[in-house]
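Below is one structure; the comments refer to it alone.
Small disclaimer: the values here were computed from a predicted structure and weren't measured. First listed ligand is number 1; within each ligand, the first listed atom is number 1.
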Amino acid sequence: SSRPASMSLMSQCGEEQVAGEYSKHYVTLKQIGKGAYGCVKMAYRRSDRLLTVAKFILKEKVGAQFWVDGPDGRRVPLELSLLLTLKHPNIVSVVDVFENDKYFQMVMEKHGAGMDLFEFIERRPRLDEPLLSYIFRQIGQAVEYLHSLNILHRDIKDENVIIDNKFHVKLIDFGSATFMSKDTLFSTFYGTTEYCSPEVLAGNKYAGPELEMWSMGITLYVLTFFVNPFSDIEDTIQGPLALPQLVSEDLEQLLRWMLCKEPANRCTVAQLMAHPWIRQPVAIANYVFQEIVDCDRHEANPEMYYSGSLGSPRSGSPVSLADPLAKERSNPSEVA
Ligand code: ADP
Ligand code: MG
Ligand code: MG
């Protein structure tokens with residue numbers, strides 16, 4: 001299956017993306033994943049070979065309402081300013097920021113092997129409900145934190161969540177995020193149609209949290225059944241919610257509550273986090289990543305293959321990027 005596109009503008013990056021001070025500190029590697037993102041690449045820090053993920057944000061593609069004043073008075077994209085400010089175990093952190101005439105170069109921590117939940121789901125993981133709950137509650141924790149700061153992510157979906165081999169997940173991609181306030185309604189939708197709520201698809205204005213809860217509901221549904229609940233916009237607005245497999249009563253109740261067509265009756269993030277299905281006990285130490293999802297050894301144990309001076313490897317001896325084992329799959333080729 002192919003990845004649905006965000007409505008936020010996707011930009012093509014040329015060689016100009018690495019120009020400037022950034023390249024004095026980082027060596028840019030091949031595109032991440034299947035290369036669908038011209039603007040997100042692996043990069044390693046020259047000083048210690050720390051492997052990171054660099055996102056190149058083309059200034060001219062950042063919409064007028066997505067700029068804020070940075071600490072030194074210069075204008076910076078909100079996506080960048082938010083990720084620099086936010087500090088949460090389930091939100092990706094920024095390591096470094098540079099800019100040239102055309103681009104901001106945002107260097108992020110590389111979480112795990114760089115697998116997002118879209119790819120995770122494509123591999124048909126053998127998830128049981130406690131493990132599913134463990135993964136999903138972390139997205140809930142990130143969203144609860146964001147909403148407490150009056151921040152809306154607005155593009156929550158499987159590919160904007162990355163997972164490591166301990167099932168620790170982090171939310172990424174704040175390119176559609178915004179601040180909300182009690183008395184302001186939004187009229188433009190910036191996320192991904194498949195994850196958009198019926199009332200917003202129908203053209204109604206929205207406050208925010210209720211839209212976010214719908215996209216969380218779609219994400220939970222996709223994680224549970226590996227298919228989308230609705231076939232198109234019409235179906236999202238009108239269609240009944242069908243569950244293709246039997247799940248626990250608690251999970252079914254939660255899915256129906258999050259995907260409630262009437263926004264006023266939809267589950268809130270506080271209700272989500274208090275829900276028995278979210279609060280169920282999970283013996284996470286009993287789950288082994290490579291038994292749950294098919295992966296190669298670098299994905300099962302990325303810490304053994306990539307070395308950096310920050311954080312010591314948990315097992316085995318570290319090997320450098322030049323090690324052939326590390327190149328086996330990613331085969332990094334320098335573009336800079
Ligand atoms: P876009 O705004 O173009 O969707 P994203 O920020 O979502 O860009 O990044 C695109 C993809 O790159 C993600 O879906 C994910 O697969 C990967 N990615 C982005 N940031 C990271 C990161 N810090 N660690 C690992 N993978 C990442
Ligand atoms: Mg994205
Ligand atoms: Mg984006």
TODO: Give a yes-or-no answer on whether the side chains of Tyr145 and Asn90 include a donor-acceptor pair shorter than 3.5 Å.
DONE: no
Open item on the list: Any donor-acceptor pair under 3.5 Å linking the side-chain atoms of Glu199 with those of Ser197?
Closed with: yes
Could you list the atoms of ligand 1 found under 4.0 angstrom from a heavy atom of [X]?
X      : result
Val53  : 20 (N), 21 (C), 22 (C), 23 (N), 24 (N), 25 (C)
Asn160 : 7 (O)
Gly114 : 25 (C)
Val92  : 23 (N)
Lys55  : 1 (P), 2 (O), 5 (P), 6 (O), 8 (O)
Ile172 : 7 (O), 13 (C), 15 (C), 18 (N), 19 (C), 20 (N)

Open item on the list: Lys110 versus ligand 1: do any nitrogen or oxygen atoms come within less than 3.5 Å of each other?
Closed with: no
TODO: Return a yes/no value for Glu79: is any of its N or O atoms, backbone included, closer than 3.5 angstrom to an N or O of ligand 1?
DONE: no
TODO: Taking only Lys NZ, Arg NE, NH1 and NH2, and the carboxylate oxygens of Asp or Glu, determine whether Asp173 and Lys157 approach each other closer than 4.0 Å.
DONE: no
Task: cation_pi(Lys59, Phe104) dist<6.0 Å, angle<=45 - done: yes
- [ ] Give a yes or no on whether the ring-centroid distance for Tyr103 and Tyr22 is below 6.0 angstrom.
- [x] no
Open item on the list: Has Lys170 got a side-chain atom pairing as donor or acceptor with His88's backbone, closer than 3.5 angstrom?
Closed with: no
- [ ] Look at atom 23 (N) of ligand 1 and find which of Glu109, His111, Glu159 reaches it with the closest heavy atom.
- [x] Glu109
Task: Metal check, the Mg ion (ligand 3) vs Asp173 N/O/S, cut-off below 2.8 Å - done: yes
Donor-acceptor pairs are to be reported for all side-chain atoms of residues 65-72 against protein atoms at under 3.5 Å, with residues two or more places apart or in another chain.
unit_1: Gln65; atom_1: NE2; unit_2: Tyr190; atom_2: OH; d: 2.4
unit_1: Trp67; atom_1: NE1; unit_2: Val62; atom_2: O; d: 3.1
unit_1: Asp69; atom_1: OD1; unit_2: Arg75; atom_2: NH1; d: 3.0
unit_1: Asp72; atom_1: OD1; unit_2: Arg74; atom_2: N; d: 3.3
unit_1: Asp72; atom_1: OD2; unit_2: Arg74; atom_2: NE; d: 3.3
unit_1: Asp72; atom_1: OD2; unit_2: Arg74; atom_2: NH2; d: 3.3

